[in-house]
Amino acid sequence: MLEPFIHGFILALGLILPLGVQNIFVFNQGALQPRFIKALPVVITASLCDTLLILVSVLGVSLLILGSFWIKTILIGGGFIFLIYMGWTTWNSKPSNERAEIAKKFSLKKQVLFAASVSLLNPHAIMDTMGVIGPGSLRYEGEEKVIFVFSCMVVSWSWFLGLALIGRMSGKLDKSGNFMFVLNKISALVMWGAAVYLGLSLINH
């Protein structure tokens with residue numbers, strides 16, 4: 001039973017480690033929120049969205065999505081527009097030492113919506129999950145498949161919680177706001193880079 005757990009853990013960790021829009025948003029909220037508990041809605045939403053994608057990929061729905069020209073086109077096009085918007089918002093955001101002001105900008109509803117958006121409107125992440133986790137689960141049946149899926153979920157939940165905690169520590173150390181200012185600029189460039197990648201894949205698609 002150890003093999004499916006290790007296999008799922010390594011696959012999920014390999015997919016979640018690279019710097020991406022979802023990771024950046026979770027980290028930023030950990031750093032910007034006045035209290036760590038205020039960032040938990042983002043952590044929970046991102047984790048639940050990853051759990052949903054993992055279940056969908058393992059249950060075989062990924063074959064339907066990846067095999068449909070129009071669904072892939074809509075996913076890629078929507079992701080392109082969303083990433084351009086998120087990049088613009090992040091680039092123009094100005095880190096403030098007033099935590100209460102930041103909390104107002106990112107209400108509970110907005111946190112959940114943004115976290116769900118960066119998780120579910122990211123075609124690159126969706127296709128990676130469905131193209132790697134789904135096929136990886138095919139070698140297992142019954143209890144072993146359950147362990148494989150559980151391992152993937154453990155990685156997601158642990159990663160996002162840890163990422164928000166690291167963001168929290170960085171935010172407490174960064175009294176001047178300079179670190180967050182630079183991070184926002186880098187984050188925006190990453191988002192625009194991902195948008196360009198999606199745009200090119202849409203043209204090729």
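Please read these numbers as outputs of a predicted model, since none were measured by experiment. Along the sequence shown, residues carry numbers from 1.
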Legend entry - Gln111 (side chain) donor-acceptor with Lys38 (main chain) under 3.5 angstrom: yes
Legend entry - Considering all heavy atoms, the nearest Met153-Thr51 contact: CE-CG2, 3.5 Å
Legend entry - Val112 and Ile44, any side-chain heavy atoms less than 4.5 Å apart: no
Inset, instruction - Mind checking side-chain contact (heavy atoms from CB on, under 4.5 Å) for Ser156 and listing every partner two or more places apart, or none if nothing turns up? - result: Ile16, Asp50, Ile54, Phe160
Inset, instruction - Return yes if some donor-acceptor pair links the side-chain N/O of Ser151 with the main-chain N/O of Ile147 below 3.5 Å, else return no. - result: no
Inset, instruction - May I ask whether Ile166 and Phe25 are part of the same hydrophobic cluster, defined by side-chain heavy atoms of I, L, V, M, F, W, Y residues being less than 4.5 angstrom apart, directly or through others? - result: yes
Legend entry - Same apolar cluster: Leu2 and Phe148, side chain cutoff 4.5 Å: no
Inset, instruction - Grab the two heavy atoms, one from Gly8 and one from Cys152, that are nearest each other, plus how far apart they are. - result: O-SG, 3.5 Å
Legend entry - Shared hydrophobic cluster, Leu189 / Trp88 (ILVMFWY, side-chain heavy atoms < 4.5 Å): yes
Legend entry - Over 12 foreign heavy atoms within 6.0 Å of CZ, Phe36: yes
Legend entry - Shortest non-hydrogen separation from Ser137 to Lys145 and the atoms involved: O-CE, 3.2 Å
Inset, instruction - For Ala46 and Ser119, work out which heavy atoms get closest and say how close. - result: CA-OG, 3.8 Å
Inset, instruction - Could you tell me whether Trp91 and Trp192 have their ring centroids closer than 6.0 angstrom? - result: yes
Legend entry - Thr45 and Phe114, any side-chain heavy atoms less than 4.5 Å apart: no
Inset, instruction - Would you indicate whether the side-chain heavy atoms of Leu48 and Trp157 approach each other to under 4.5 Å? - result: yes
Inset, instruction - Determine whether Phe150 and Pro4 make a side-chain contact, defined as any pair of heavy atoms from C-beta on separated by less than 4.5 Å. - result: no
Legend entry - Where Gly136 and Leu11 come nearest, the two heavy atoms and their spacing: CA-CD1, 4.2 Å
Inset, instruction - Check whether Val154 and Ile10 end up in the same hydrophobic cluster, where Ile, Leu, Val, Met, Phe, Trp and Tyr are linked by side-chain heavy atoms less than 4.5 Å apart. - result: no
Legend entry - Among Val43, Val42, Leu40, Leu163, side-chain contact (heavy atoms from CB on, under 4.5 Å) partner for Gln29: Val42
Inset, instruction - Determine, stepwise, if the pair Asn23 / Trp159 fulfils side chain to side chain contact (heavy atoms under 4.5 Å, CB included). - result: CA-CA 9 Å; Asn23 284 343; Trp159 174 260; 2.9 Å; yes
Legend entry - Passing option when Ser57 is tested against Val149, Leu52, Ile133 for side-chain contact (heavy atoms from CB on, under 4.5 Å): Ile133
Legend entry - Donor-acceptor contact present, side-chain Arg168 to main-chain Gln33, <3.5 Å: yes
Legend entry - Joint cluster assignment, Val26 & Met169, ILVMFWY side-chain distance < 4.5 Å: yes
